[in-house]
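As structure tokens, the structure follows; a few thoughts come after it.
Worth knowing before you read on, the calculation uses all heavy atoms, side chains too, and leaves out hydrogens, waters and symmetry mates. All residue numbers in this chain count up from 1 along the given sequence.
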Amino acid sequence: MTIQLRWLHQFQFAGYYMALEKGYYKEAGLDVKLLEGGPSALNPLDELMSGRCDFAITSSGVVINRMEGKPVQAVAAIMQTSPIVWITLKSANIQTVEDMAGKRAMLMPPPESAELLTVLRQDQYNNLNVEFQHTSFDVEELVRGKTDAYDGYISNEPYVLTQQGIEYNLINPRDYGVNFYADVLVTRESLAEQP
């Protein structure tokens, strides 16, 4: 059985690694292989639907895929709150969504950035004229001034910036009433329905 991870091997998948190392999968009669994701494997759902894996970890945007008729079944929501935020440099004085008016903001392709887009689609922010850029997956683009707001994980890029002594602000969708699940474990309907 294979599980396609959403991103590179890192701590957010600790539960899966621990279950593998402790032998919990074997005890349940499962031979599990964890497949690394990352920038070159942006859509774990593609791997799942093609049959190249049995389970995948994706975003809460999977609801959109389900509404589009894809035979995908959510099994568990691992993170109860999405870690996706915009990160801005303190020196740029961009502290709120309103401050993003006319600015450049990086985004992952939908539905991966659903929580950030949902904030900007709220009536009061709908006309901010934010210029969207495809994410580079490199926070150094923010540092070098290639973007004004970088889409990152609250647990990753702030740590990198702190290590470099760079002050930053976080614009968190949760502060604007948008709170999605993250790291949703999914499978194909046909596999979910097997006894």
Side-chain angles (χ1 to χ4, degrees), residues 3-17 34 36-39 41-48 55-68 70 72-89 94-100 103-126 128 130 132-139 141-142 147-162 168-187:
I3 301 174
Q4 176 66 59
L5 302 177
R6 182 177 182 193
W7 195 243
L8 305 173
H9 286 300
Q10 62 182 21
F11 79 94
Q12 82 188 77
F13 308 117
Y16 300 100
Y17 304 136
L34 301 176
E36 186 174 46
L42 274 184
N43 196 342
L45 201 58
D46 290 343
E47 297 298 301
L48 180 68
F55 291 86
I57 301 167
T58 188
S59 72
S60 59
V62 71
V63 171
I64 296 167
N65 302 117
R66 177 74 178 187
M67 290 169 48
E68 293 171 344
K70 289 192 175 149
V72 62
Q73 178 74 42
V75 177
I78 306 304
M79 293 184 182
Q80 301 301 302
T81 297
S82 174
I84 296 175
V85 295
W86 271 305
I87 304 163
T88 64
L89 297 179
I94 302 170
Q95 300 175 13
T96 66
V97 170
E98 293 91 339
D99 295 338
M100 291 177 62
K103 304 293 185 195
R104 301 163 297 168
M106 287 193 171
L107 286 175
M108 286 187 281
E112 290 299 315
S113 54
E115 45 274 85
L116 296 175
L117 284 172
T118 300
V119 170
L120 290 176
R121 298 262 156 63
Q122 293 177 3
D123 288 341
Q124 65 268 37
Y125 309 122
N126 215 3
L128 293 179
V130 175
F132 296 120
Q133 301 170 306
H134 184 73
T135 191
S136 64
F137 300 102
D138 182 4
V139 74
E141 296 283 301
L142 175 68
T147 192
D148 300 304
Y150 179 82
D151 61 327
Y153 261 41
I154 200 167
S155 56
N156 292 357
E157 289 81 6
Y159 175 79
V160 171
L161 294 173
T162 298
Y168 58 87
N169 297 311
L170 298 177
I171 300 174
N172 192 327
R174 215 171 27 164
D175 296 337
Y176 296 86
V178 177
N179 190 13
F180 290 0
Y181 291 124
D183 282 8
V184 179
L185 180 66
V186 296
T187 190

**OP:** Could you please spell out the steps behind the side-chain contact (heavy atoms from CB on, under 4.5 Å) verdict for Leu8 and Phe137?
**Re:** CA-CA 12 Å; Leu8 305 173; Phe137 300 102; over 6 Å; no

Subject >> Asn179 side, atom CG; Gln80 side, atom CD - distance, nearest 0.5 Å >> reply: 9.0 Å

Subject >> Contact check, side chains of Phe13 and Trp7, non-hydrogen atoms, under 4.5 Å >> reply: yes

Original post:
Taking all non-hydrogen atoms of both residues, which atom of Ala182 and which atom of Ser82 are closest, and how far apart?
Top reply: CB-CA, 3.8 Å

Original post:
Given Glu157 and Leu142, is the side-chain contact (heavy atoms from CB on, under 4.5 Å) satisfied, shown in steps?
Top reply: CA-CA 11 Å; Glu157 289 81 6; Leu142 175 68; over 6 Å; no

Original post:
For Asn65, what residues pass the side-chain hydrogen bond (donor to acceptor under 3.5 Å, both in side chains) criterion, not counting sequence neighbours?
Top reply: none

**OP:** Look only at the side chain of Asn172 and the backbone of Val85, and say whether a donor-acceptor pair between them is shorter than 3.5 Å.
**Re:** no

Subject >> Worked verdict on Phe180 versus Ile84 for side-chain contact (heavy atoms from CB on, under 4.5 Å) >> reply: CA-CA 10 Å; Phe180 290 0; Ile84 296 175; over 6 Å; no

Subject >> Distance, nearest 0.5 Å, that separates CD of Gln124 from CD of Glu98 >> reply: 7.5 Å

Subject >> Heavy atoms from other residues, nucleotides or ligands near OH of Tyr181 exceed 12 (cutoff 6.0 Å) >> reply: no

**OP:** Only one of Leu45, Leu185, Ile57, Thr58 passes side-chain contact (heavy atoms from CB on, under 4.5 Å) with Arg6; say which it is.
**Re:** Ile57

Original post:
Which atom pair, heavy atoms only, marks the closest approach of Gln95 to Asp99?
Top reply: N-OD2, 2.9 Å

Subject >> Distance, nearest 0.5 Å, that separates CD1 of Ile171 from OG1 of Thr88 >> reply: 5.0 Å

Subject >> Under 3.5 Å: donor-acceptor pair, side chain of Trp86, backbone of Met106 >> reply: yes

**OP:** Measure the shortest side-chain to side-chain distance between Val184 and Ile78 over non-hydrogen atoms and say whether it is less than 4.5 angstrom.
**Re:** no

Subject >> Separation between OG of Ser113 and NE2 of His134, rounded to the nearest 0.5 Å >> reply: 10.0 Å

Subject >> Backbone N/O of Met108 and side chain of Thr135: donor-acceptor pair under 3.5 Å >> reply: no

Subject >> Shortest non-hydrogen separation from Val186 to Ala74 and the atoms involved >> reply: CG1-CA, 3.9 Å

Subject >> Heavy-atom closest pair, residues Tyr150 and Asp138 >> reply: OH-N, 3.0 Å

Original post:
Counting N and O atoms only, with roles assigned by atom type, does the side chain of Tyr16 sit under 3.5 Å from a partner on the main chain of Leu34, one being a donor and the other an acceptor?
Top reply: no

Original post:
Does any N or O in the side chain of Asp148 come within less than 3.5 Å of the main-chain N or O of Ala105, such that one atom is a donor and the other an acceptor?
Top reply: no

**OP:** Just say parallel, tilted or perpendicular for the rings of Tyr125 and Tyr176, cut-offs at 30° and 60°.
**Re:** perpendicular

Original post:
Taking all non-hydrogen atoms of both residues, which atom of Leu116 and which atom of Pro173 are closest, and how far apart?
Top reply: CD2-CG, 3.6 Å

**OP:** Taking all heavy atoms of Asp183 and all of Gln12, pick out the closest pair and write down the distance.
**Re:** OD2-NE2, 2.7 Å

Original post:
Can you tell me if OH on Tyr159 sees more than 12 non-hydrogen neighbours from other groups inside 6.0 Å?
Top reply: no

